[in-house]
Amino acid sequence: MSTFIIVAVVLVVVAALVLILIGVRDSRGGDPLQDRLADYAARGEAASLEEIELSQPLTERIVYPVARKLGELALRFTPQNALQVTQHKIELAGSPRGLDPTLLWALRFIAAIVVGGLMVFLMSIGLDWPWSRKILVIGGFAVFGFYLPEMLLTSKIQRRQKEIRKAMPD
């Protein structure tokens, strides 16, 4: 049973790291496939669409689309008002690295699972607590993981607003 928990925690941590990397990546602002087509056309090389698409990094072809789909799944369980508030907060933060509400909500759910899973792992290592206390601690840390991306975004908003106030003339 403990081997299963360890494997599950490792998989969740890897998935969370991938989603976090997606969230903090720089946004190019354009369609990467169209950019590659323009590059090949400028060089005069003849290439098929399949060759061009396979020349893209793995993250652009597979990881980002999967994370976007997970974010869309998270949006199904998120109220519309919360999405509007999240979009407003992202705008206040200066849209850090192309972050959008879909990705932020996906990160919130993944962070809750990762932090909760990490606590399950730590509890299985050897704390001799009653199950009720373990469940309470795991649940508390999972809630903390859910609100962690929101706290980081709020911190970014406060830093940006402070920089804007400092930049204003007296």
Side-chain angles (χ1 to χ4, degrees), residues 8-39 52-53 55-123 134-170:
V9 168
V10 168
L11 289 175
V12 169
V13 168
V14 168
L17 289 175
V18 166
L19 288 175
I20 289 170
L21 287 174
I22 291 168
V24 297
R25 73 175 173 94
D26 287 329
S27 176
R28 294 185 202 159
D31 184 19
L33 188 56
Q34 290 296 332
D35 295 341
R36 294 222 182 239
L37 280 172
D39 287 344
I52 294 171
E53 190 164 334
S55 68
Q56 289 181 328
L58 179 69
T59 55
E60 292 288 332
R61 288 183 290 142
I62 297 172
V63 177
Y64 295 148
V66 168
R68 295 284 177 208
K69 291 294 182 185
L70 287 175
E72 290 172 9
L73 178 67
L75 288 181
R76 290 183 186 170
F77 302 106
T78 307
Q80 188 64 29
N81 186 30
L83 293 176
Q84 292 171 349
V85 169
T86 303
Q87 180 62 38
H88 179 69
K89 286 182 179 181
I90 290 172
E91 289 171 0
L92 287 176
S95 187
R97 298 188 174 124
L99 188 66
D100 61 351
T102 307
L103 194 55
L104 183 68
W105 277 92
L107 286 172
R108 288 181 78 174
F109 286 114
I110 294 297
I113 292 169
V114 166
V115 173
L118 185 61
M119 288 310 297
V120 167
F121 174 71
L122 292 176
M123 294 288 176
K134 287 181 181 181
I135 290 173
L136 186 64
V137 169
I138 290 168
F141 273 93
V143 169
F144 171 74
F146 183 77
Y147 285 106
L148 183 64
E150 183 78 18
M151 290 187 287
L152 293 173
L153 184 65
T154 303
S155 172
K156 177 76 173 166
I157 291 170
Q158 291 172 349
R159 270 184 290 170
R160 183 168 182 254
Q161 288 178 346
K162 185 177 178 182
E163 290 173 2
I164 290 172
R165 276 189 294 243
K166 282 185 176 182
M168 294 180 76
D170 292 336

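Owing to the predicted nature of the structure, the values given are computational and were not obtained by experimental measurement.
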Over all heavy atoms of both residues, which pair between [X] and [Y] is shortest? Give the atoms and the distance, please.
X	Y	answer
Ala93	Leu153	CB-CD1, 3.7 Å
Val120	Ile138	CG2-CD1, 3.6 Å
Arg160	Glu91	NH1-O, 3.5 Å

TODO: Decide if atom CZ of Phe141 counts as having more than 12 heavy atoms of other residues, nucleotides or ligands within a radius under 6.0 Å.
DONE: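 Open.
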Throw together a table of side-chain donor-acceptor distances under 3.5 angstrom for residues 111-119, partners on residues two or more places apart or in other chains.
none

Task: side-chain contact (heavy atoms from CB on, under 4.5 Å) against Gln161, all qualifying residues, sequence neighbours excluded - done: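 Gln161 satisfies side-chain contact (heavy atoms from CB on, under 4.5 Å) with Leu92, Ile157, Arg165 only.
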TODO: List for me each residue that meets side-chain contact (heavy atoms from CB on, under 4.5 Å) alongside Arg159, sequence neighbours excluded, and say none if there are none.
DONE: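 Counting only residues at least two positions away or on another chain, Arg159 forms a side-chain contact (heavy atoms from CB on, under 4.5 Å) with Ser155, Lys156.
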Sequence neighbours excluded and cut-off under 3.5 Å, please list the side-chain donor-acceptor pairs for residues 145-152, or say none.
from, atom 1, to, atom 2, distance (Å)
Glu150, OE1, Arg108, NH1, 3.4
Glu150, OE2, Lys89, NZ, 2.4

Open item on the list: Nearest 0.5 angstrom please: Lys166 NZ to Lys162 NZ, how far?
Closed with: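 Between atom NZ of Lys166 and atom NZ of Lys162 there are 4.5 Å.
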Task: Residue pairs involving residues 135-146 (criterion salt bridge (charged side-chain N to carboxylate O under 4.0 Å, His left out); sequence neighbours excluded) - done: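 Salt bridge (charged side-chain N to carboxylate O under 4.0 Å, His left out) check on residues 135-146 returns no pairs.
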Open item on the list: The criterion is side-chain hydrogen bond (donor to acceptor under 3.5 Å, both in side chains); which residues satisfy it with Glu163, sequence neighbours excluded?
Closed with: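 So Glu163 forms no side-chain hydrogen bond (donor to acceptor under 3.5 Å, both in side chains) with any residue.
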